[in-house]
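One structure is given below, encoded as structure tokens.
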Amino acid sequence: MAHVSIIGTGTMGQAIAGLAGKGGHAVQLLGRNDQDKVAGDIVVLAVPYPEVQQVLAERGDQLAGKTVVDITNPLNFETFDSLVVPADSSAAAGIAAALPDSKVLKAFNTNFAATLSSGKVGDGATTVLIAGDDADAKAELAGVITGGGLRAVDAGALSRARELEAIGFVQLTLAVGEKVDWTGGFTLN
């Protein structure tokens with residue numbers, strides 16, 4: 001069983017904690033201001049993109065040797081009209097550059113908390129896409145996801161994070177614009 005630490009106690013952090021717990025994995029849920037040391041082998045950054053740099057500055061040394069999962073969508077939170085990372089990069093690539101001794105994955109950013117908790121998107125099972133360069137890290141995270149009753153799909157190398165962030169961006173803007181429900185989203189059949 002994996003030990004999963006989640007930094008961020010918002011709805012996504014809570015949903016991912018519930019998913020990991022449902023699969024029997026040990027879960028540590030840390031608020032941004034908690035002083036406890038990160039204990040998990042898998043660490044999920046469940047904070048908004050603008051807070052990532054501060055988390056890395058405060059906890060970067062604790063993340064060395066661990067699998068770090070970036071769930072962010074780096075969108076312009078003031079206008080909701082664009083991503084704020086360069087067109088040839090991604091939030092996950094920036095995190096990987098800042099954490100050279102960690103195995104960085106992109107996952108959960110194309111999911112809403114409600115679909116992680118319910119396990120359903122419409123009539124289909126919730127699908128979590130995972131991108132990353134370390135096959136073992138992806139397999140371990142996939143085990144946490146499938147252990148919680150969801151479907152995990154390997155979306156390729158970490159370079160695919162840019163496309164996953166674009167999908168997440170479109171989903172968020174549609175939901176904020178009330179064109180789709182927060183219980184909807186992306187799945188594969």
Side-chain angles (χ1 to χ4, degrees), residues 1-75 77 84-85 90-119 126 128-134 136-150 152 158 161 164-165 168 172 182 185:
M1 289 289 153
H3 189 164
V4 181
S5 291
I6 300 161
I7 300 172
T9 58
T11 57
M12 284 296 288
Q14 300 265 344
I16 295 167
L19 173 69
K22 191 185 301 182
H25 301 281
V27 176
Q28 176 190 36
L29 190 59
L30 297 167
R32 273 243 315 98
N33 297 319
D34 288 344
Q35 298 301 310
D36 295 343
K37 186 174 174 145
V38 174
D41 296 319
I42 298 173
V43 182
V44 179
L45 301 179
V47 297
Y49 178 70
E51 295 180 22
V52 167
Q53 289 308 315
Q54 185 174 356
V55 170
L56 296 181
E58 294 170 355
R59 295 188 178 270
D61 60 327
Q62 296 177 33
L63 304 178
K66 297 180 183 289
T67 297
V68 177
V69 183
D70 168 31
I71 76 163
T72 67
N73 285 303
L75 58 102
F77 283 98
V84 296
V85 293
S90 65
I95 292 168
L99 299 173
D101 296 324
S102 301
K103 298 168 273 190
V104 176
L105 303 177
K106 183 72 169 191
F108 299 111
N109 76 299
T110 61
N111 304 105
F112 293 139
T115 65
L116 292 175
S117 296
S118 71
T126 299
V128 178
L129 299 175
I130 307 168
D133 295 334
D134 188 290
D136 292 336
K138 287 195 284 188
E140 186 176 28
L141 180 60
V144 171
I145 293 165
T146 58
L150 306 185
L158 191 61
L164 295 183
E165 290 171 5
L172 283 169
W182 291 96

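Paired with Arg59 under the rule side-chain contact (heavy atoms from CB on, under 4.5 Å), one option of Leu99, Val43, Leu30 passes, and it is Leu30. Paired with Val128 under the rule side-chain contact (heavy atoms from CB on, under 4.5 Å), one option of Thr110, Leu116, Thr115 passes, and it is Leu116.
Here the side chain of Asp70 pairs no donor or acceptor atom with the backbone of Val104 at under 3.5 angstrom. Although no hydrogens or angles enter the test, the distance criterion places a donor-acceptor pair under 3.5 Å between the side chain of Ser117 and the main chain of Ala113. Although no hydrogens or angles enter the test, the distance criterion places a donor-acceptor pair under 3.5 Å between the side chain of Gln35 and the main chain of Asn33. No side-chain donor-acceptor contact under 3.5 Å links Lys106 to the backbone of Ala131. With hydrogens and angles disregarded, a donor-acceptor distance shorter than 3.5 Å links the side chain of Asp133 to the backbone of Leu158. The closest donor-acceptor contact from the side chain of Asp101 to the backbone of Ala64 lies at 3.5 Å or more, if one exists at all.
Side-chain contact between Leu172 and Phe112 is present, with at least one heavy-atom pair separated by less than 4.5 Å. Looking only at side-chain heavy atoms (C-beta outward), Asp134 and Thr67 stay at 4.5 Å or farther from each other. Two residues are said to be in side-chain contact when any heavy atoms from C-beta on lie closer than 4.5 Å; Phe108 and Leu141 meet this criterion. With contacts defined as side-chain heavy-atom distances shorter than 4.5 Å, the pair Val52/Val47 qualifies.
Between atom CG of residue Leu150 and atom CG of residue Asn111 there is a gap of 8.0 Å, rounded to the nearest 0.5 Å. Here Asp61 contributes atom CG and Leu56 contributes atom CG; the two are 11.0 Å apart, rounded to the nearest 0.5 Å. In this structure, the separation between CD1 on Ile145 and CD on Glu140 is 11.0 Å, given to the nearest 0.5 Å.
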Distance-only check: which donor-acceptor pairs under 3.5 Å involve side-chain atoms of residues 1-16, not counting sequence neighbours?
| unit_1 | atom_1 | unit_2 | atom_2 | d |
| --- | --- | --- | --- | --- |
| Ser5 | OG | Gln28 | OE1 | 2.5 |
| Ser5 | OG | Ala39 | N | 3.3 |
| Ser5 | OG | Gly40 | N | 2.7 |
| Gln14 | NE2 | Thr9 | O | 3.2 |

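Closest approach of Leu105 and Ala137 over heavy atoms only: CD1-O, 3.6 Å. When every heavy atom of Pro100 is checked against every heavy atom of Ala97, the shortest pair comes out as CD-O, 3.7 Å. Here the closest non-hydrogen pair linking Lys66 and Gln62 is CE-O, 2.9 Å. Residues Thr72 and Ala91 come closest through the heavy atom pair OG1-CB, 3.5 Å. When all heavy atoms are compared, the tightest approach of Ala114 to Trp182 is CB-O, 3.8 Å. Taking each heavy atom of Leu29 and Asp34 in turn, the nearest pair found is O-OD2, 4.0 Å.
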